[in-house]
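All values below were derived from every heavy atom in this structure, side-chain atoms included, with hydrogens, water molecules and symmetry-related copies excluded. Chain letters run A, B, ... following the sequence lines, proteins first and then strands; every chain starts at 1.
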Protein chains: 2
Amino acid sequence: MNMQAEATDTRTAHAAAFADLDFDLLRRYVQVIRHKLTADQYLYHAGQPFQALYFVHSGCLKTVELADDGRDQVTGFRMRGDLLGIESIGLRQHACSAVALEQGEVWELPYPAMLTACRELPELQAKLTAALAEQIRQDHAWMLNVGTLNAEQRVASFLVDVAARYARLGYSARHFILRMRRTDMANFLALKHETVSRAMTRLDDLRLIAVERREVRVLDDAGLRRMAAGCAS
Amino acid sequence: MNMQAEATDTRTAHAAAFADLDFDLLRRYVQVIRHKLTADQYLYHAGQPFQALYFVHSGCLKTVELADDGRDQVTGFRMRGDLLGIESIGLRQHACSAVALEQGEVWELPYPAMLTACRELPELQAKLTAALAEQIRQDHAWMLNVGTLNAEQRVASFLVDVAARYARLGYSARHFILRMRRTDMANFLALKHETVSRAMTRLDDLRLIAVERREVRVLDDAGLRRMAAGCAS
DNA sequence: TCCCGGCGTTACACACGGTTACAAACCGTT
DNA sequence: AACGGTTTGTAACCGTGTGTAACGCCGGGA
């Protein structure tokens with residue numbers, strides 16, 4: 001849901017997913033600890049000691065960047081197969097917070113053990129590095145969208161990306177339930193929640209989607225993608 | 001110049017710089033190739049084969065994300081000590097373009113050789129990973145600023161960050177020359193160049209800075225930082 | 001030296017999205 | 001079923017930043 005370029009073009013074709021990792025092999029080196037999460041539960045707070053990465057097994061979480069003066073920015077949403085905490089690598093304390101949007105389960109991967117495991121398993125090292133690079137590309141795609149698209153286009157782009165992520169997980173890209181509130185979506189897209197509401201109803205009016213609160217049905221995929229790209233009208 | 005949090009707080013205190021790397025040691029493993037660049041010269045284009053990372057030895061470059069429909073977004077500015085190309089790790093082709101803003105020199109680090117060198121030098125591997133994570137944190141700080149600050153505050157924040165980067169390189173944080181045009185600044189800050197101009201003159205009117213085209217003098221550092229934070233007025 | 005093109009600045013009208021306010025729908029609790 | 005709190009939707013107004021245009025400045029080339 002990081003609004004990365006929707007089409008898997010040649011540049012992103014080889015983006016490695018952490019999901020298809022051999023966890024049985026990994027468990028020989030790293031003690032993987034399962035954690036159940038409930039809605040609104042913090043997985044970690046900004047400022048807490050950084051000790052582990054987290055693999056999302058189920059559910060959906062948001063990562064939130066915080067400023068000293070109280071400003072906050074949702075920097076992404078993570079679902080099954082995504083890795084959490086990589087942004088804090090090299091620090092002693094977490095750079096941001098991670099909050100569960102619904103109940104779910106994450107697998108804790110203690111970082112010191114991961115480091116030694118990386119020395120034994122070059123494949124793991126490559127996957128981790130690839131995950132970091134992929135995160136940078138996602139963020140840059142977000143910058144491009146927020147920097148160049150208007151409110152409606154941003155919302156459309158977001159929905160296209162969400163749909164693609166659901167498709168990758170084997171769910172329907174045509175009909176899904178958003179896991180986050182309007183406020184979270186708005187914050188992520190650098191908009192206000194009223195604006196997101198208006199954009200959603202407008203996309204509904206245009207028969208591109210059918211919305212009912214968090215339930216979204218994609219009626220005109222091509223049209224939605226056209227809207228998500230720079231094309232006006 | 002990526003508008004990261006200006007104060008080096010406890011969270012960013014251990015951000016590893018690639019600058020203090022032992023290049024003599026690295027040269028035993030990697031054939032470092034020097035490249036001179038002239039203003040407006042592309043170091044690499046989006047879509048070109050990804051074969052190397054680049055260490056900026058002198059000069060200033062911008063990285064530009066491109067969309068199929070022609071939209072473009074400046075994702076950052078790189079100066080001496082910064083690493084270029086890391087966002088394309090794991091891909092066959094570069095994900096973005098890099099353009100020199102002035103004459104300068106970069107050192108090409110062929111990536112396959114870097115990979116093998118990383119296996120021999122754990123310190124190098126750590127530095128590379130840290131550089132990737134640091135990039136993510138910079139991007140998230142940018143998201144926070146663009147998502148929550150108005151035009152004036154963004155420009156102030158940008159100037160504070162530029163000043164900090166110059167200071168780190170041993171130059172004056174009080175008096176410097178911007179290396180990029182208003183258009184590049186504006187694109188990076190998700191504004192229009194006219195808006196950046198107006199913001200600069202307003203910061204000048206407020207006696208926080210003294211501007212004359214690309215020349216900037218910081219008159220009230222604390223005031224500028226206050227403006228760069230969420231504080232209104 | 002003059003001319004030209006790129007860059008930066010300024011003025012003004014307008015539009016998009018923010019602000020504010022209120023209402024409706026949903027949720028969990030009692 | 002009634003209640004309160006939260007989330008979402010709708011509407012009117014307003015302000016920040018944009019679009020447009022004109023002008024000034026500076027540097028490079030003829």
A/Met200 CE - C/dG17 P separation (whole Å): 16 Å
Of A/Ala151 and B/Thr183, the one whose closest DNA chain C nucleotide lies more 5': B/Thr183
Nearest-angstrom distance from the residue atom CG of B/Asn150 to C1' of D/dG15: 12 Å
Any side-chain heavy-atom pair of A/His35 and A/Gln41 under 4.5 Å: no
Contact check, side chains of A/Asp221 and A/Arg174, non-hydrogen atoms, under 4.5 Å: yes
Note, A/Val211 side chain near A/Leu203 side chain (heavy atom, < 4.5 Å): no
Ion pair check, A/Arg217 and A/Glu215, cut-off under 4.0 Å: yes
Under-4.0 Å side-chain N/O to phosphate OP1/OP2 contact, A/Arg181 with D/dT8: no
Atom-to-atom span, CZ of A/Arg214 to P of D/dG9 - whole angstrom: 10 Å
Polar atoms only, N or O, under 3.5 Å: list the protein pairs with nucleotides 10-13 of chain D and their distances.
unit_1: D/dA12; atom_1: N6; unit_2: A/Arg198; atom_2: NH1; d: 3.4

Phosphate OP1/OP2 of C/dG17 contacted by A/Thr195 side-chain N/O (<4.0 Å): no
NZ/NE/NH1/NH2 to OD/OE distance under 4.0 Å, B/Asp205 and B/Arg202: no
Rounded distance in Å - CD (A/Glu215) to C1' (D/dT8): 15 Å
B/Arg214: partners by side chain to side chain donor-acceptor pair (under 3.5 Å), with sequence neighbours left out: none
Closest to side chain of B/Arg213, choosing from C/dG17, D/dT18, D/dG24: D/dG24
Whole-Å distance separating the CZ atom of A/Arg202 from the C1' atom of C/dA15: 14 Å
Whether B/Phe50 and B/Tyr111 hold their rings parallel, tilted or perpendicular, with breakpoints at 30° and 60°: tilted
Sidechain-backbone polar pair: A/Gln73 side chain, A/Glu65 backbone, donor-acceptor under 3.5 Å: no
A/Glu152 CD - C/dG18 P separation (whole Å): 13 Å
Five-pair end axes of the helix from C/dT1-D/dA30 to C/dT30-D/dA1, angle between them (10°): 40°
Length of the NZ-P vector between A/Lys192 and D/dT8, whole Å: 15 Å
Whether A/Trp107 and A/Phe23 hold their rings parallel, tilted or perpendicular, with breakpoints at 30° and 60°: perpendicular
Separation of atom CG in B/Asp205 from atom C1' in C/dT10, rounded to whole Å: 12 Å
